[in-house]
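Please read the structure below before turning to the comments.
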Amino acid sequence: MNPRERTLAMILLAAIVLGGGGFLLHLLYLKPMTEKENAAAKLQKDIDEKNERIDQVMAERARLERWKAQSLPADKDLAMREYEKYLSDLFRKSGFTSAAGLTITPKSSANDKSAASTSTKGPTYITLEFLVTAHANLEDVIKMMEGFYRTSLLHRIKNVTLTRPLTTTGPQGQVTKANELDITMTIDALVLQGAENRQYLMPGVDKRLLAIEMATVLSGGPSGLALAPWAVGPLGPLGPGKLAAAPGMSPRDYLAMTEKNVFMGPPPPGQKGPLVDAKQFVHMTTISSKDGKEWEAFLYNRIDGGREIRLRASAGFNSFRIPDGDSTVQAKVIRIDAEKSEIIFQMGEKYYALHNGQTLEEALRKPLSDTQLKDVKEINGAIKAAKKDE
């Protein structure tokens, strides 16, 4: 074998060795490594997807727990009775009366509906349906809707029909007023599976918040702070927003719709439009103090664009005025009681107590008795004496 042939043989042998080594490297190392990396990437993707799904489930679970709290009571018959009472009170407080043909008719049977699943635990929710017919003016309808959508329950007005009466008498022979409309509503309320089996309609305060509130008060701290998250949450009186409200939008005054009544037209010359009872739209929201000595209370006026009224029991901040139709509610704050979450105020010759979350209209229904007023005066006298000693 000459040198040239030896060289070619060595080159061929080297090519065979390199090719075989590369093949073995790919077969025994690179291919298994690639497969493992691909498998690891797939597993990681599966883990990420499952973690994302877990996060979604936890978020939905929180929403479900909130919905369960807002559900009607678990007892369907109890829920039907109590919700009918709620509707009756709401409509009457808004100005609807039986004399004007108000009727609230629950459906003979509830509609059981369930999500598409093979679960044997029963329906996901039960729909209670009510048919309401009445005669009322547009102002009363708007007040009713304001109250309805501020109630922390899983319910809705499924449909509503407002028409101008063609006759002056209703279906039951009652005489309708000139500015009244024929009203028909269908209202749905839900009973969720797993809802609280309470014996009353409205959801209550979380027991954990009550425990924190009690501990705060007993330790000498201000009352009401622990309940603030509940008050502004979905179950509290300040939680649900106004009709069709969206985040970032300015407060709406739906009663302004009565000034341009598309059903009845403007009032005749010289006749005033419907007067608004502003007292039912003013309620107390907060009692607070920066130093634990000088307490402040805040009133929230929904009908005045959400304006806050700051009050103290000292001169300069101890009076407030609320325009109310043709008149004005003028009152003077006598005492702010943080322990009872109330303010004592004087209007005319009478004294009243306004509690946290209560409307001014509700407070004015029940003046303080002589005994209660005596206690207030004694406490005020003791406070003034203590300030003089300081």
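Start at 1 with the first residue, then count along the sequence. These numbers come from the heavy atoms of this one structure, side chains and all, not from hydrogens, waters or symmetry mates.
The number of heavy atoms from other shown groups lying within 6.0 Å of CG (D370) does not exceed 12. Counting non-hydrogen atoms of neighbouring residues, nucleotides and ligands closer than 6.0 angstrom, the CZ atom of R321 reaches no more than 12 such neighbours.
Contact check on K143 versus E146 returns no salt bridge, with no Lys/Arg side-chain nitrogen under 4.0 Å from an Asp/Glu carboxylate oxygen. Under a 4.0 Å N-O distance rule, the pair R53/E49 does not qualify as a salt bridge.
Without hydrogens or angle criteria, S71 side chain to L192 main chain gives a donor-acceptor distance under 3.5 Å. S289 contributes a side-chain N or O that, together with a main-chain N or O of E294, makes up a donor-acceptor pair within less than 3.5 Å. Of the possible donor and acceptor atoms, one in the side chain of R198 sits under 3.5 Å from a partner among the backbone N and O of L201.
Residue L299 is tested with T359, L354, L360 for a side-chain contact (heavy atoms from CB on, under 4.5 Å); the sole match is L354.
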* Residues R335, K340; criterion side chain to side chain contact (heavy atoms under 4.5 Å, CB included); working and verdict -> CA-CA 11 Å; R335 183 167 183 263; K340 295 182 179 179; 5.9 Å; no
* Should L102 and V132 be marked as a side chain to side chain contact (heavy atoms under 4.5 Å, CB included) after you check the CA-CA gap, both sets of side-chain angles, and the distance that decides it? -> CA-CA 7 Å; L102 172 64; V132 179; 4.0 Å; yes
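Minimum heavy-atom separation, M80 to F130: SD-CZ, 3.4 Å. The minimum heavy-atom distance linking I334 with A313 is given by the pair O-CB, 4.0 Å.
A donor and an acceptor atom, one from each side chain of D188 and H155, are nowhere located under 3.5 Å apart.
No path of Ile, Leu, Val, Met, Phe, Trp and Tyr side chains, each step under 4.5 Å between heavy atoms, connects L131 with I183, placing them in separate hydrophobic clusters. L78 and Y86 are members of different hydrophobic clusters when ILVMFWY side chains are connected at heavy-atom separations under 4.5 Å.
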